[in-house]
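Quick note: numbers below take in every heavy atom, side chains included, and nothing from hydrogens, waters or symmetry partners. None of these values were measured; they are calculated from a predicted model.
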Amino acid sequence: MTDSGSPPETAFAALLRQYRQAAGLTQVELARRSGLSATAVRDLEQRRTLRPTQRSVSRLTAALELGTRPAAVLRRAATAGTDRTPAVVQTAATGRPMVSILGPLRVQRGTVTVDLTSSRQRALLARLAVSAGTTVGRRDLLEVLWGGEQPESAVNLLHTYVARLRRVLDPGRDGRTAATVLTHASGGYRLDLHEDQLDLLRFQRLVREATEVAGQAPAQAVARLTDALTLWRGDPLGDLDMLSGHPAVASLTAWLTATALRYADLLDRCGDYAPVVVALRPLAGRCPLDEQVYARLILALGATGRQGEAYAEYDGIVRRLADQLGADPGTELREYHQRLLRQQWNRVRRAAACGDVHPVVPVPIQAPAPVADFTGRAEELRRLREILVPSVDWVTRPSAPVCVIAGPAGTGKTVLAMVAAEQLGRAFPDGQLYADLRGRSDRPAGTGEVLTRFLHGLGVSEDRVRGDDEGSAALLRTVLAARRVLIVLDDARDAAQVRPLLPGRGGSRVLVTARNRLVALEGARRIDVPTLDTREALDLLAAIVPPARAGGDRAAALEVVSACGHLPLALRIAGVRLTTRARCTIADLSRRLADPRRRLDELRVGDLDLRAAFRPSVEQLPAPAARAFRLLALAPEPLLGLGAAAALLDRPATVVDEELQQLVDLSLLVAVGPGQFRLQELLRLYGRELAQRDEPARDRGAALARLAAWRAARILGDRDRRREGGTASAAMAEHRS
């Protein structure tokens, strides 16, 4: 008998079950791995077989991939009958699991470490934990687990790994109960853990509390940040090669550095430098070229009487900067070196003396998470990185670059911006500011409203925020001057709305989304977002529609993609309609979308409505340009030259050219060449509806008659020129013009 009162065979049965569940295996899977029958495994766990053979135990330990000690425990539980360890393990292994990712991945239940033997299972848990509380897309998970060489069974294997993780994270759940810890969401999975189950959540709370109390109680802020920094046990998930360099993991490291620097600055003002050395020493070792870390470290070393070490550290980073980058020390590092030379540090050692300390500067992460089923746009993301993270010195760059993502309604500009913000997080360690400027609405966001929100997000107290917009804009530029922040301005109305929100000199960058191309915004680079190509459109549809609903009907999927004009919003609406209608197949959806007269009616579900997406752009147009949009939509072909448009509108070509350019600037028309314009198919359908509503039948007929007459005249003119010796190619060239 064991001390717990359980016979040894009971302890063995319970221990075998716990080890199997920790490995994420079912009884059938364990049987297959071990070469035993499923009945044998079940009988062992249910105590029907009381004395397993030594050979069976050896097979089980090998199949479970147990380490030396757990294997010995299992063998003793099967044979000795007097070992206490199984009972201890059984008690300690109960309760909710605890996951630690701020260092090597660690999973515990009570005092027992849960050994996840599969490297892919560990990587899956780690990736979900980094984004706990938000959905991680299936594509992201597959990329983490297999990279670019995914097997055909990758999706099925992912489902298997998820099922095994659920048994580890929620062992009390039976097969009939819905999962609550690791749940399936649209296009991916979501991990929901409590704060006492994930160290990252505790870290976030402590930093948040430090920010809230720093102005009134700096000593409490220091204590909170001290507790937060002690949660870090090394490089986040540094033991998982599959996640090496992943943007989500890289952002954790950047966050640690930023938090440690805020901690050092607060302690500098308090005159307490010994904790600064403790916090920054490990970071300095991992970041040998980080001037911000070394600047504060050398000052703290000097202030604690270790000036020899301080000068040695300074000389070391200066040498590394020269050898590896060919660069001299930056302004901040030189300033801290001067403080070291002059011994300019606070000598107050009591935290109570810090009553007038400035608040800990928070690291805002305001940009929303991107949708889980994002697909494509690799070239646009590459260009965004190239524009926003140039290989030049952040400090000496004369102005902050601005990148405008422009395109028609429904092309996914906002989603692209959110994905870019997530991927570029490491380049902006001081955080992200985000504002929806509501450019399409009747009440766009006011300058003062956005400035106040940004300043509060950066830790500026209420009493420092001035009432006038000009003063607030100047304060924002001042606060951002020494920081690297990505500012995301979504749905801008025009350049005037954006200008007051731009930083001045320094390392911050601005990403704007707008239907208006913001041609008047000085110094801005632009990325025009087109519709998706066929492969990307099919990928997006597949990410939204479960494979079982698609039924492998590629021909129907291609027809749906074509009817949706390769437009992401239209594809999303079509996919949602398909997934929410139990008896509808993709072939049915294709047939419903085939009729142009009903297509816009079909592309509406819930609050997703293609007409509603198009409407604000048209309503912003001046009356002549709005009429031009309606009449252009009546043309038999989507491609029109300037001469044809002038005939259709019955206006001089110079005037029409200006009106068409207004349509181009608002992404309602695409300029495909000199004097050549194209109207996207779904916009044509919408424009025709508006023409039917707002243009009298007499005017519509007259416009089409003028276009037909113009084309007939051009054809007759071409024939005459050919008779006179002109070449066919010359005639066609003139006709196209």
Side-chain angles (χ1 to χ4, degrees), residues 127 130-131 134 136-137 139-140 143-144 236-237 243-259 261 287 289-290 292 362-372 374-395 397 399-407 412-437 454 457-458 480-492 498 501-503 505-514 523-529:
R127 178 63 189 94
V130 169
S131 302
T134 61
V136 181
R139 184 176 297 273
D140 187 342
E143 180 69 24
V144 166
L237 302 171
L243 287 171
S244 178
H246 192 284
V249 178
S251 67
L252 287 183
T253 303
W255 196 6
L256 164 62
T257 303
T259 303
L261 293 176
C287 310
L289 297 176
D290 194 316
Q292 290 185 305
V363 179
I365 307 294
Q366 297 180 351
V371 295
F374 175 80
T375 59
R377 303 300 190 197
E379 175 60 19
E380 287 82 1
L381 288 169
R382 183 195 66 78
R383 291 181 59 199
L384 284 168
R385 174 172 289 278
E386 185 179 79
I387 293 170
L388 294 170
V389 190
S391 56
V392 298
D393 184 81
W394 289 85
V395 177
R397 187 174 177 86
S399 62
V402 179
C403 184
V404 178
I405 299 177
K413 300 178 294 295
T414 296
V415 175
L416 176 60
M418 297 310 108
V419 172
E422 182 177 70
Q423 293 187 0
L424 299 179
R426 187 175 185 179
F428 299 95
D430 295 314
Q432 301 165 1
L433 298 173
Y434 169 83
D436 180 359
L437 298 185
F454 281 0
L458 292 167
L480 290 175
R483 304 191 198 182
R484 301 178 189 176
V485 173
L486 178 64
I487 302 174
V488 182
L489 304 175
D490 189 24
D491 191 20
V498 171
L501 307 176
L502 302 181
R505 298 173 63 91
S508 295
R509 302 291 187 258
V510 183
L511 181 57
V512 187
T513 72
R525 300 274 299 277
R526 288 169 188 82
I527 294 179
D528 292 313
V529 181

Check: Do the non-hydrogen side-chain atoms of Ile487 and Pro503 ever get within less than 4.5 Å of each other?
Finding: yes
Notebook entry, point to check: So how far is it from Phe374 CZ to Leu381 CG, rounded to the nearest 0.5 Å?
Noted result: 5.0 Å
Next item on the list: To the nearest 0.5 Å, tell me how far Lys413 NZ sits from Asp491 CG.
Entry: 8.0 Å
Notebook entry, point to check: What distance do Arg383 atom CZ and Arg525 atom CZ have between them, rounded to the nearest 0.5 Å?
Noted result: 7.5 Å
Check: Does the side chain of Ile527 come within less than 4.5 Å of Ile387's, by heavy atoms?
Finding: yes
Next item on the list: State whether Glu379 and Arg382 are salt-bridged, where the test is any N-O pair (Lys NZ or Arg NE/NH1/NH2 against Asp/Glu carboxylate O) under 4.0 Å.
Entry: yes
Notebook entry, point to check: Do Leu256 and Leu252 have side chains that get closer than 4.5 Å, going by heavy atoms?
Noted result: no
Check: Which distance, rounded to the nearest 0.5 Å, do you find between the CD of Gln292 and the SG of Cys287?
Finding: 10.5 Å
Item checked: From Leu384 atom CG to Gln423 atom CD, the distance as rounded to the nearest 0.5 Å -> 9.5 Å
Next item on the list: Check the pair Leu437 / Leu501 against side chain to side chain contact (heavy atoms under 4.5 Å, CB included), numbers first and verdict last.
Entry: CA-CA 11 Å; Leu437 298 185; Leu501 307 176; 4.0 Å; yes
Item checked: 4.5 Å side-chain heavy-atom contact, Arg377 and Val529 -> yes
Notebook entry, point to check: Taking side chain as C-beta onward, heavy atoms only, is Leu480 less than 4.5 Å from Leu458?
Noted result: yes
Check: Are any side-chain N or O atoms of Gln432 and backbone N or O atoms of Ala421, one a donor and one an acceptor, separated by less than 3.5 Å?
Finding: yes
Check: Between Met418 and Val488, is a side chain to side chain contact (heavy atoms under 4.5 Å, CB included) present by the stated rule, with each step listed?
Finding: CA-CA 8 Å; Met418 297 310 108; Val488 182; 3.6 Å; yes
Checklist line | Test salt bridge (charged side-chain N to carboxylate O under 4.0 Å, His left out) applied to Asp436 - qualifying residues, sequence neighbours left out | finding: none
Check: What are the two closest non-hydrogen atoms of Leu388 and Cys403, and how far apart are they?
Finding: CD2-CB, 4.1 Å
Check: side chain to side chain contact (heavy atoms under 4.5 Å, CB included) between Val498 and Val404: does it pass, once the steps are laid out?
Finding: CA-CA 11 Å; Val498 171; Val404 178; over 6 Å; no
Next item on the list: Please examine the side chains of Arg127 and Asp140, heavy atoms only from C-beta on, and report whether any two atoms are closer than 4.5 Å.
Entry: yes
Checklist line | Rounded distance [0.5 Å steps], CZ in Phe454 versus CG in Leu489 | finding: 5.5 Å
Next item on the list: Determine whether Leu486 and Tyr434 make a side-chain contact, defined as any pair of heavy atoms from C-beta on separated by less than 4.5 Å.
Entry: no
